[in-house]
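Every value quoted in this text rests on a predicted model; they were computed, and no experiment measured them. Residue numbers start from 1 in every chain, and the chains themselves are labelled A, B, ... in the order their sequence lines are given, proteins ahead of strands.
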There are 2 protein chains.
Amino acid sequence: MKSGQKSTIYDIAQKAGASPSAVSAALNDKWKQRRLKQETVDRILQVARDEGYTANLQARGLRKAESGLAGMVLPDHENRFFAELSQQFAREAHARGLCPAIVHAGRDADAQLSSVESLIAYSVDLLMIAGATEPLGLAHTCRKARVPHVFVDHPCAEAPSVVTDNTGGAALLTKTLLDVMEPPSSADPATWLYFLGGEQSLPASAERILGFRQQTKAAKALFDPGQVLACGYESDKAEAALAALYARLGQLPAGLFVNSIGCFEGVLRFLSGLPEGDIVRSTFGCFDHDPFATLSRFPLRMIRQRADLMVGEAFRQLDAGTSEPRLIRVAPELV
Amino acid sequence: MKSGQKSTIYDIAQKAGASPSAVSAALNDKWKQRRLKQETVDRILQVARDEGYTANLQARGLRKAESGLAGMVLPDHENRFFAELSQQFAREAHARGLCPAIVHAGRDADAQLSSVESLIAYSVDLLMIAGATEPLGLAHTCRKARVPHVFVDHPCAEAPSVVTDNTGGAALLTKTLLDVMEPPSSADPATWLYFLGGEQSLPASAERILGFRQQTKAAKALFDPGQVLACGYESDKAEAALAALYARLGQLPAGLFVNSIGCFEGVLRFLSGLPEGDIVRSTFGCFDHDPFATLSRFPLRMIRQRADLMVGEAFRQLDAGTSEPRLIRVAPELV
DNA sequence: AAAGGTTGCTCAATCGATGTAGCAACGGTA
DNA sequence: TACCGTTGCTACATCGATTGAGCAACCTTT
């Protein structure tokens with residue numbers, strides 16, 4: 001107080017005429033087990049309050065070999081879904097009395113690894129990893145350090161993981177779109193439903209494509225491998241791919257399943273150059289959600305990943321203490 | 001290694017046939033000052049590498065009375081602007097060799113205070129506070145703990161602060177909207193430009209309203225206090241307020257200055273229930289930015305706060321070590 | 001009065017890294 | 001031979017909180 005320095009249990013002990021151990025016990029509500037008099041405890045707590053004492057969590061962490069920190073690693077925050085994940089993570093961490101430490105590590109595997117190592121060096125009590133580029137290495141590091149960990153969004157084959165039910169979500173969106181469209185005919189590619197965006201090699205995309213195929217096949221609306229345009233995740237690529245499709249068909253396709261919000265941005269850019277009439281004949285869906293996408297001038301079905309449920313599931317895994325691999329799928333919702 | 005436990009400098013010392021001090025010196029590149037033989041150092045480093053040693057940052061932090069953590073407190077992440085702030089913060093923290101610890105504290109003053117205290121308890125090396133509800137108390141706590149701190153978005157009268165030039169930005173947006181609209185007439189409230197959202201009592205809103213008033217007055221388009229609808233920041237409130245206005249006017253107003261992206265969401269919800277023709281006669285502006293909003297079905301001018309510049313300025317304040325109050329305004333851009 | 005139990009506390013080691021102070025061995029100088 | 005300087009290292013206290021072990025003082029019991 002006097003010098004503006006933070007006070008320690010030693011200061012408090014002195015002012016309260018007690019020992020540091022007594023102070024510690026009093027502050028941690030362990031005074032009954034340690035058989036301190038109520039009176040002594042009251043005295044200590046009074047002094048602590050007067051001094052504005054707050055524990056040095058590094059010292060506690062060092063002693064107890066834990067930190068009270070909940071670590072999260074994720075690629076970035078510019079994505080609505082990740083933003084929701086981190087928000088929910090912070091909420092749940094708080095509810096467990098942990099302080100969230102969130103690190104943006106980008107998409108680079110090495111950067112992600114160094115972020116994980118750095119969090120481990122702080123003795124984080126748990127680690128949630130979203131959008132891991134190379135999950136196996138990260139899981140290995142976590143296990144070596146005995147840190148409870150869980151993967152979200154991108155699963156890991158060797159650790160508990162929570163992911164969106166991509167196949168189911170894609171199937172749902174596909175079915176919804178087909179229900180709204182005129183029945184496609186094999187003769188005319190312009191009447192087909194196309195899948196746009198993502199990469200075959202990535203599990204998430206692959207699963208969505210699977211869901212798309214299942215439903216189009218069931219509805220006898222799968223005619224050609226060319227219905228799936230896995231052009232990548234960048235908006236530019238999606239814009240270009242759609243432009244090419246438009247040129248080939250001479251018009252927009254009857255239906256378009258857009259694989260991510262980034263791609264959808266590209267789609268919107270392309271559409272903004274078209275006359276109104278061209279657009280209203282088409283049906284659009286997007287596997288991702290953004291409240292502002294409702295702004296579009298045509299009806300749009302969207303799949304919203306349930307960040308809240310996913311984080312909840314992830315914490316349940318951590319609470320359960322399982323470190324065995326396990327894949328949990330959370331159904332997304334149709335908006 | 002063998003037991004999977006993390007190794008310490010003591011383990012390394014033993015395996016390398018050296019003392020813990022020597023190990024510490026070697027690992028911290030202080031061996032020249034400590035006069036260790038190159039050979040010894042090499043031996044130590046080799047062992048450290050083999051063991052996969054990483055320092056216990058809590059122990060180091062305890063000893064050095066610092067943590068290598070850069071703390072940030074912000075209300076939430078659902079807002080694009082805050083998301084950008086935190087992203088930029090993480091980048092800059094990283095560039096300084098610090099690990100970002102980002103806490104979502106909501107808008108509640110007590111929650112924010114306890115977040116700040118908690119971060120201080122971890123001996124964060126600096127603290128950036130965005131959107132503080134009651135900055136003075138927070139600043140006081142930081143000063144008492146001698147933690148360098150800076151406020152962003154919501155300024156503090158007693159500490160370095162970086163804010164958007166709200167007045168200037170609002171004036172710019174107002175002027176832009178008025179330039180596009182038909183000249184409003186005092187006789188017909190439906191021809192007016194309205195301000196929607198925010199709270200008079202909050203500095204940011206007050207400044208924006210000031211900028212709005214300046215420009216509408218200059219353009220002789222300020223007719224009535226009722227032109228400013230400070231209904232709060234929630235989308236529901238904004239939706240309700242706009243609905244009420246619509247009911248009163250029998251139509252949409254000629255111009256609408258929406259105070260934040262959250263409010264704009266409410267506006268969009270309301271508009272989605274209206275026929276196309278009703279909307280095209282109005283001019284919209286929003287003091288906030290979202291990439292998707294640029295693709296809306298009506299033209300929309302947006303003010304984009306420069307999170308990147310703001311965080312940069314904020315770090316410059318921290319680097320300079322000034323703890324004296326100082327208010328830095330960063331001009332936003334029109335999109 | 002000796003033995004045993006309870007009450008109310010304190011001592012001291014511990015966590016892992018850091019850094020000052022200092023020790024031993026050697027070479028050179030007077 | 002005694003003295004000093006350099007080189008290469010180690011010992012030990014320290015940061016602040018936690019916690020097992022243990023010590024007085026007091027009260028019962030036989």
note: B/D11, atom CG; C/dC15, atom P; distance rounded to Å ~ 11 Å

Q.
Is it the case that the side chains of B/T8 and B/Y53 hold a donor-acceptor pair, with the cut-off being a distance below 3.5 Å and no angle test?
A. no

Rounded to whole Å, the CG-P distance (A/L36 to D/dT19) equals 14 Å

Here the distance between atom P of C/dA17 and atom OH of A/Y122, to the nearest Å, is 14 Å

>> Using 30° and 60° as the class boundaries, would you call the ring planes of B/H77 and A/H77 parallel, tilted or perpendicular?
In response: tilted

When rounded to whole Å, the NZ to P distance for the pair A/K37 and C/dT10 reads 11 Å

Note to self: So, OP1 or OP2 of C/dC9: does either fall under 4.0 Å of a side-chain N or O from A/T40?
What the structure shows: yes

Per nearest nucleotide of DNA chain D, the residue lying toward the 5' end, A/R35 or B/R43, is B/R43

When rounded to the nearest 0.5 Å, the distance separating CZ of B/R49 from CD1 of B/I44 is 12.0 Å

In short, A/M72 meets A/L127 closest at the heavy-atom pair N-CD1, 4.2 Å

Is there a side-chain contact between A/S115 and A/H104 (heavy atoms, below 4.5 Å)? no

Side-chain H-bond candidate by donor/acceptor type, A/T164 with A/Q305, under 3.5 Å:
yes

Per-nt protein contacts along nucleotides 11-18 of chain D (heavy atom under 4.0 Å; B base, S backbone sugar-phosphate only, - none) come out as BBBBBBBB

B/Q38 atom CD is separated from D/dG8 atom C1', nearest whole Å, by 14 Å

